[in-house]
Amino acid sequence: MSNERAGLRARLLAALVDVVLGGALALLLSGSSGHWFSERAVVMLGIGSPDTFWNGPVPYVIGIFGSVVYGAPLAFALVSLSDALFGATPGKWLLKLRVASADGSPPSRTRLFARWALKHVCAWGLVLALVLGESLVAGAAIVLGAVVLVGSVAAGGPRRLALHDMLSRTAVLSEPVARHGRP
Amino acid sequence: MTHSSKWPPIYVACLIAAAVLLGLLGSDASVQVPSAHAGALDDEIPNVAGDWAGTWLDSIHYTWAFGDVSCTIVQDGSDFTADGIIDLSVLGLGPMPGTGAGTVTREGGRATLNFTFSAAGVGSGVGTQIGGSGTGSGSVAPYGPFTFQGAATSTTIDGTFDFTDPSGGYGSVHMTKDTPVEPSTWGAVKGRYHESGD
């Protein structure tokens, strides 16, 4: 099994696949959990009082697709959870990538979950914020998510490690061998 | 754990299947609208004639929208007419004029007010008020049908409404009657005159 670290392009493509799957799941869940999270958004954003900050055209347009938008964090968190459970998301699986420890050895479950928690802090943080109805938690999740996003650019560097890779002491490896491994 | 594991796609397939199943089973997405305070079912229609002003509030698109609403209700015997304005500026429509009309009849020994209302370019509806409580339904473009219920006294009108389409939201209307200026009487004028000591 190769220990070659995956480049930024392959990782971006894998992320794109996961985003598409997460979006599809958010659409499918819009009538159930999406609606519930939309109602929680009303609580979280303090909507209902005339002095709420969540007014104007942007919240209004977001609200039109509220059951998808406010339900999306859970959908993305669920899809990405595959990374913690199996060491690969569907996108990584398609592109023959996998998560490993920084030294290339198989990662422990704890390390995988730590990596997932770091990388997807925005998704699960927003889910938590909606459940709790706390806009401050949402703000923190978005800020930390932005840091992770910017830190992901580092995967294009010579070490091919994103910020969340470094913090969780993991790496994403590419596996050039055939998926079914037939000789 | 190897890369050849097919668990990631199987996992997501299960997620999607569960989501489809949830969608098929449907969810009870109906929102429990806070009920308007239910007053005793009076046998008489409250004196609603007068000038009313208040606000409306709607959880439309999961963003609370609100605005002013006002109307003047005139009673002529058993007939009521109303002219009003609802401010829909927050929805990009501006203040929209509307009208209403109703007639009180005796049904089963109870005074019943059947009324209609409409606002050009906004929507229309019908309702029935028995005593101080009313219910009805209507439709607003583009959000579709809604139902409403409410209670009226001679000084307040409180109502809640709920759109069938969740994107239309649910909300409430609250209006109070403008207190009419008490007409001065010669007795009152004289009383104040004497109080001043002059």
Hydrophobic cluster identity match, [X] and [Y], side-chain contacts under 4.5 Å:
| X | Y | result |
| --- | --- | --- |
| A:Met166 | A:Val148 | no |
| A:Leu8 | A:Leu13 | no |
| A:Leu74 | B:Val20 | yes |
| A:Val19 | A:Leu78 | no |

query: When Ile, Leu, Val, Met, Phe, Trp and Tyr are grouped by side-chain heavy atoms lying under 4.5 Å apart, directly or through other members, which residues fall in the same group as A:Val68?
result: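 Other cluster members: A:Leu27.
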task: State, to 0.1 Å, how close A:Glu39 and B:Tyr170 come at their nearest heavy-atom pair, and which atoms those are.
output: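 Reported closest heavy-atom pair: OE1-OH, 3.8 Å.
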- request: Grab the two heavy atoms, one from B:Pro8 and one from A:Ala88, that are nearest each other, plus how far apart they are.
  value: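 So the minimum-distance heavy-atom pair works out to CG-O, 3.2 Å.
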message: For A:Leu21, which atoms come within 4.5 Å of any heavy atom of chain B: side chain, backbone, both, or neither?
response: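 Contact with chain B is through the side chain of A:Leu21 alone.
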message: Does anything in residues 10-17 of chain B reach chain A? List residues with heavy atoms under 4.5 Å apart, or say none.
response: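 Near chain A, by residue number: B:Tyr11, B:Val12, B:Leu15, B:Ile16.
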Table please: side-chain donor-acceptor pairs of residues 73-83 of chain B below 3.5 Å, with sequence neighbours left out.
from: B:Gln75; atom 1: NE2; to: B:Gly77; atom 2: O; distance (Å): 3.0
from: B:Asp79; atom 1: OD1; to: B:Thr103; atom 2: OG1; distance (Å): 3.2

For residues 113-131 of chain A, dump all side-chain donor-acceptor pairs below 3.5 Å to protein atoms at least two apart in sequence or in another chain.
from: A:Arg115; atom 1: NE; to: A:Asp165; atom 2: OD1; distance (Å): 3.2
from: A:Arg115; atom 1: NE; to: A:Thr170; atom 2: OG1; distance (Å): 3.1
from: A:Arg115; atom 1: NH1; to: A:Asp83; atom 2: OD2; distance (Å): 3.2
from: A:Arg115; atom 1: NH2; to: A:Asp165; atom 2: OD1; distance (Å): 3.0
from: A:Trp116; atom 1: NE1; to: A:Ser80; atom 2: OG; distance (Å): 2.8
from: A:Trp124; atom 1: NE1; to: A:Ala117; atom 2: O; distance (Å): 2.9

